[in-house]
Colleague: 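There's a structure below that I have some questions on.
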Amino acid sequence: MKPSIYISRSIPKNIIDQYASKLDIHMWEHEAVPIPHTTLMEKAQQVDGLICMLSDQIDEAFLAANSHLKVVSNLAVGYDNIDVAAATAQGTVITNTPDVLTETTADLGFALLMATARRIPEATNLIKNNGWKEWSPYFMAGADIHHKTIGIYGMGRIGEAIAKRAKGFDMNVLYHNRRRNKTAEKAIGASYVSIEQLLKESDFVVSVVPLTPETSHTFNTKAFQLMKESAIFINISRGKVVDETALLHALETGKIRGAGLDVFDQEPIDGSHPLLKLEQVVCLPHIGSASEETRTAMIKLCLDNCCSVLYGADARTPVLDK
Ligand code: DGY
């Protein structure tokens with residue numbers, strides 16, 4: 001008998017076929033409807049392993065009810081949706097998808113920074129709505145990117161990849177991280193600073209930090225007050241590192257210039273949310289790693305991790321309980 005897994009979203013058949021000889025694969029087949037938590041609970045009861053999404057809450061109660069699961073593979077590098085300590089205590093291996101999404105997510109982060117600074121979605125909408133009536137010196141003028149200072153909060157793999165892109169634009173790169181990243185300092189020329197200095201001196205503040213109890217609501221009223229009035233805030237990490245009420249206030253009162261947001265406190269965010277109404281906000285539906293190539297690599301890594309654990313080997317990319 002092959003070991004069995006359940007996938008909480010629909011995955012292309014051509015990928016499933018590549019693993020069919022090793023795994024008995026079941027999955028949620030409805031493209032546009034997310035799996036209800038109670039259904040995921042029931043499905044998990046019947047399998048040896050699970051591939052889940054960052055929107056699936058794999059909390060202590062879920063794990064306790066499914067203590068037979070040998071592996072839970074998260075289709076994301078971030079794993080704040082999973083209680084890793086509870087999983088580790090009961091012997092369920094947790095895996096994530098580092099490395100394969102680094103460059104793609106950094107591309108998106110930099111694209112969001114550029115789109116916000118140069119007002120690209122606003123300019124596109126203006127033309128499409130027949131609003132291009134004249135030319136004048138400051139018509140749709142944005143902020144320069146080259147030779148400015150970027151402050152990267154969270155200097156892990158994705159932070160480093162953003163720093164490299166920034167160097168290509170002759171930017172001054174500051175960073176703050178729980179631990180100093182000497183590689184980024186030597187290889188890329190990034191300078192370690194306190195979070196306060198980063199907020200005060202950066203023209204672009206980019207959040208790439210994982211969501212933990214320590215990083216939750218880092219970007220609050222006090223943080224936005226420290227930032228320059230010309231600063232642009234970019235978030236490609238998790239919505240909950242930001243106090244969205246404080247961000248909204250900072251934008252509405254001109255405390256900061258603009259924001260590029262790929263992530264939100266509640267996802268999917270409701271289209272009527274006041275943040276989305278502001279012209280100086282560029283918003284995306286959490287698509288940091290969403291290129292076809294990278295999503296395929298992420299899915300295969302999850303499947304490889306399931307195979308390894310279910311056939312008695314070490315996972316390729318386990319998440320360790322710290
Ligand atoms: C991740 O992998 O954690 C990203 O947020 C997905 O885009």
Side-chain angles (χ1 to χ4, degrees), residues 7-12 15 34-35 50-59 71-84 87 93-113 115-116 152-162 165 177-178 206-219 233-242 244 259-269 282-306 315-322:
I7 309 177
S8 71
R9 294 295 187 283
S10 179
I11 299 297
I15 302 179
I35 188 167
L50 181 67
I51 296 182
C52 64
M53 312 294 128
L54 50 82
S55 49
D56 298 320
Q57 289 310 311
I58 310 300
D59 53 18
V71 56
V72 175
S73 289
N74 206 32
L75 191 82
V77 67
Y79 47 84
D80 47 278
N81 57 317
I82 301 181
D83 189 332
V84 177
V93 176
I94 303 298
T95 72
N96 66 343
T97 59
D99 301 319
V100 291
L101 51 60
T102 300
E103 302 297 333
T104 300
T105 309
D107 282 349
L108 191 280
F110 218 82
L112 187 53
L113 183 155
T116 312
I152 302 174
Y153 179 51
M155 192 54 96
R157 301 173 186 85
I158 299 171
E160 280 182 27
I162 289 176
R165 283 155 178 76
N177 200 46
R178 205 158 38 115
V206 182
S207 175
V208 204
V209 80
L211 175 64
T212 64
E214 291 74 42
T215 62
S216 172
H217 279 206
T218 297
F219 296 97
F233 173 65
I234 304 295
N235 189 8
I236 59 165
S237 58
R238 287 292 182 268
K240 289 188 194 313
V241 304
V242 180
E244 283 182 351
L261 307 171
D262 184 42
V263 288
F264 299 90
D265 190 327
Q266 293 299 319
E267 295 184 0
I269 188 169
V282 177
C283 43
L284 299 172
H286 202 150
I287 55 169
S289 61
S291 73
E292 289 174 14
E293 298 93 325
T294 291
R295 283 290 158 84
T296 301
M298 289 166 69
I299 293 167
K300 286 186 172 176
L301 181 53
C302 286
L303 286 157
D304 287 342
N305 273 315
C306 285
R316 271 179 57 187
T317 52
V319 174
L320 304 174
D321 180 30
K322 287 170 199 122

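First listed ligand is number 1; within each ligand, the first listed atom is number 1.
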Colleague: Provide, to 0.1 Å, the distance between atom 4 (C) of ligand 1 and the closest protein heavy atom, together with that atom's residue and name.
Modeller: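 Looking only at protein heavy atoms, the one closest to atom 4 (C) of ligand 1 is H286 NE2, 3.7 Å.
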Colleague: Under a 3.5 Å threshold, yes or no: a donor from one side chain and an acceptor from the other, between D56 and S8?
Modeller: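 D56 vs S8: donor-acceptor pair found between side chains.
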Colleague: Show which atoms of ligand 1 fall inside a sub-4.0 Å distance from at least one heavy-atom site of A76.
Modeller: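 Matching atoms, with element in brackets: 1 (C), 2 (O), 3 (O).
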Colleague: Are any of the N or O atoms of L101 closer than 3.5 Å to those of ligand 1?
Modeller: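 No, L101 has no N/O under 3.5 Å of an N/O on ligand 1.
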Colleague: Between R295 and ligand 1, find which residue part has any heavy-atom pair under 4.0 Å and reply side chain, backbone, both or neither.
Modeller: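 The side chain, only.
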Colleague: Provide, to 0.1 Å, the distance between atom 1 (C) of ligand 1 and the closest protein heavy atom, together with that atom's residue and name.
Modeller: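 Heavy-atom neighbour on the protein nearest atom 1 (C) of ligand 1: V77 N, 3.4 Å.
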Colleague: Assess, by modelled atom type and distance only, whether the side chains of T317 and N305 contain a donor and an acceptor separated by less than 3.5 Å.
Modeller: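 Distance-only check passes for T317 and N305.
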Colleague: If you have a sec, work out which protein heavy atom is nearest atom 6 (C) of ligand 1 and how many Å separate them, to one decimal?
Modeller: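 Here the nearest protein heavy atom works out to S289 OG, 3.5 Å.
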Colleague: What's the shortest distance from atom 3 (O) of ligand 1 to any protein heavy atom, and which residue and atom give it?
Modeller: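 Answer for atom 3 (O) of ligand 1: R238 NH2, 2.8 Å.
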Colleague: Taking non-hydrogen atoms only, is I287 closer than 4.0 angstrom to ligand 1 via side chain, backbone, both or neither?
Modeller: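 Neither; no heavy atom under 4.0 Å.
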Colleague: Return yes if a side-chain donor-acceptor contact under 3.5 Å exists between S55 and R9, otherwise no.
Modeller: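 There is such a pair (donor and acceptor under 3.5 Å, judged by atom type) between the side chains of S55 and R9.
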Colleague: Pick one: which of I234, I162, V206, T105 meets side-chain contact (heavy atoms from CB on, under 4.5 Å) with F110?
Modeller: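 Answer to the side-chain contact (heavy atoms from CB on, under 4.5 Å) test with F110 among I234, I162, V206, T105: I162.
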Colleague: Any carboxylate oxygen within less than 4.0 angstrom of a Lys/Arg side-chain nitrogen, looking at D80 and K240?
Modeller: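 K240 and D80: not salt-bridged.
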Colleague: For S207 and S237, which I'm curious about, is there any donor-acceptor pair between the side chains at under 3.5 Å?
Modeller: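 Yes.
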